[in-house]
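Read the structure below first, then the notes.
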Amino acid sequence: MTDATALPGQPRGGVLSGPATARAVNVLAPNPSAMTLDGTNSWILSEPDSDLAVVVDPGPLDDGHLRHVIGTAEQAGKRVALTLLTHGHPDHAEGAARFAELTGTKVRALDPALRLGDEGLAAGDVVTVGGLELRVVPAPGHTADSLCFHLPADRAVLTGDTVLGRGTTVVAHPDGRLGDYLDTLRRLRSLTVDDGVHTVLPGHGPVLDDAQGAVEYYLAHRAHRLAQVETAVEDGHLTPPEVVAHVYADVDRSLWPAAELSVRAQLEYLKEHGLI
């Protein structure tokens, strides 16, 4: 068995659902798959002495799960007062409208199409509810509308699909762009260095207790993959499917369609920088 402390980011073992920090509780959605890992993490955030809570990513349109999120908050003496989205992929956001109906909350997101209410979210915004403070961190790359949320009181960051608790994420070309993603990873690294962030609360997978280690691993992984793709093209593998078959030969074939999205993003990046 591999020691979790030796893995990138030091993932926590054990049950995924439940308290993760003093202010964050996870409710795992019942939608496991190769792409969603154990399922989507729906985060309930609240100051310990407050009766108001924020939910980040209510998850898929599954009434049982949405009611479970609400019930978990209520059991802790909390009322859901606001819903936030890290991005618009269905496993994170499809249930948001129904969740808002059940809770009477507004939904705030970067993409206007996902919002319910007048307020969106933008870089530099600070969301406050019941004394809880969340700082909005722009995180394009996985998707154009991706955001992270910095929870300074817990020295934590909610990363959606930008950094996962296990494995690496997809740059979802054409909406996602590799250059943007690399900039986002550097921005997150600055949070770990300059703002003392040490915990990653991801959209999928376990909590990571070494945020800087996780981000450094992601940056190194992207550099390695980019070099592999560049070499593959030089060796005559010119189409995205050919590059995937060559570079991702050791990856489960069920993940090749997702890998092809990242390859397309990498090929675009290499062309933009005159490397192929």
Side-chain angles (χ1 to χ4, degrees), residues 4-5 7-29 37-59 65-86 92 99 103 105 108 121 124-137 139 147-166 187-215:
T5 60
L7 297 174
Q10 297 182 12
R12 292 185 193 173
V15 179
L16 295 177
S17 283
T21 68
R23 293 163 180 80
V25 174
N26 181 33
V27 181
L28 182 65
L37 304 182
D38 309 275
T40 301
N41 295 332
S42 295
W43 290 103
I44 302 170
L45 308 176
S46 180
E47 283 296 314
D49 59 354
S50 174
D51 61 355
L52 299 178
V54 175
V55 167
V56 176
D57 290 350
H65 171 65
L66 301 177
R67 292 181 183 277
H68 184 35
V69 173
I70 296 167
T72 301
E74 290 178 343
Q75 288 173 9
K78 315 285 186 180
R79 176 178 65 82
V80 179
L82 181 64
T83 303
L84 304 177
L85 298 177
T86 60
H92 294 258
F99 189 74
T103 58
T105 60
R108 296 182 65 181
L121 290 170
D125 283 353
V126 178
V127 178
T128 56
V129 173
L132 182 80
E133 178 184 298
L134 285 174
R135 299 175 184 173
V136 178
V137 180
L147 297 170
C148 294
F149 297 103
H150 177 200
L151 179 56
D154 283 346
R155 297 171 64 192
V157 60
L158 289 87
T159 54
D161 282 355
T162 297
V163 174
L164 304 178
R166 185 170 67 252
R187 191 174 298 117
L188 291 177
R189 181 171 58 187
S190 293
L191 280 182
T192 69
V193 173
D194 300 332
D195 295 275
V197 167
H198 61 65
T199 303
V200 172
L201 306 177
H204 303 279
V207 171
L208 301 177
D209 286 321
D210 177 15
Q212 184 173 352
V215 174

Taking 4.0 angstrom as the limit, do [X] and [Y] come out as a salt bridge?
X: R23; Y: D154; result: yes
X: R155; Y: D195; result: no
X: R12; Y: D209; result: yes

*asked:* Test of understanding: with side-chain hydrogen bond (donor to acceptor under 3.5 Å, both in side chains), list the residues that count as partners of E74, not counting sequence neighbours.
replied: none
_Residues that H92 engages under ring-ring contact (aromatic ring centres under 6.0 Å, His included), provided they are two or more places apart_ = H87, H204
Could you check if a side-chain atom of [X] sits within less than 4.5 angstrom of a side-chain atom of [Y], using non-hydrogen atoms only?
X: L84; Y: L147; value: no
X: H68; Y: L66; value: no
X: R108; Y: T83; value: no
X: V69; Y: S42; value: yes
X: V136; Y: V126; value: no

*Nearest heavy-atom pair of A20 and L201: which atoms, and what distance?*
CB-CD2, 4.0 Å
*How far apart are the closest heavy atoms of V207 and T199, and which atoms are they?*
CG1-CG2, 3.6 Å
Counting N and O atoms only, with roles assigned by atom type, does the side chain of [X] sit under 3.5 Å from a partner on the main chain of [Y], one being a donor and the other an acceptor?
X: K78; Y: I44; result: no
X: N41; Y: G205; result: yes
X: N26; Y: L16; result: yes

*Show your reasoning for whether side-chain hydrogen bond (donor to acceptor under 3.5 Å, both in side chains) applies to T86 and D57.*
CA-CA 7 Å; T86 60; D57 290 350; 2.7 Å; yes
*Please report the C-alpha distance between H198 and T192 in whole Å, then the side-chain angles of each, then the deciding distance to 0.1 Å, and finally whether the side-chain hydrogen bond (donor to acceptor under 3.5 Å, both in side chains) criterion is met.*
CA-CA 6 Å; H198 61 65; T192 69; over 6 Å; no
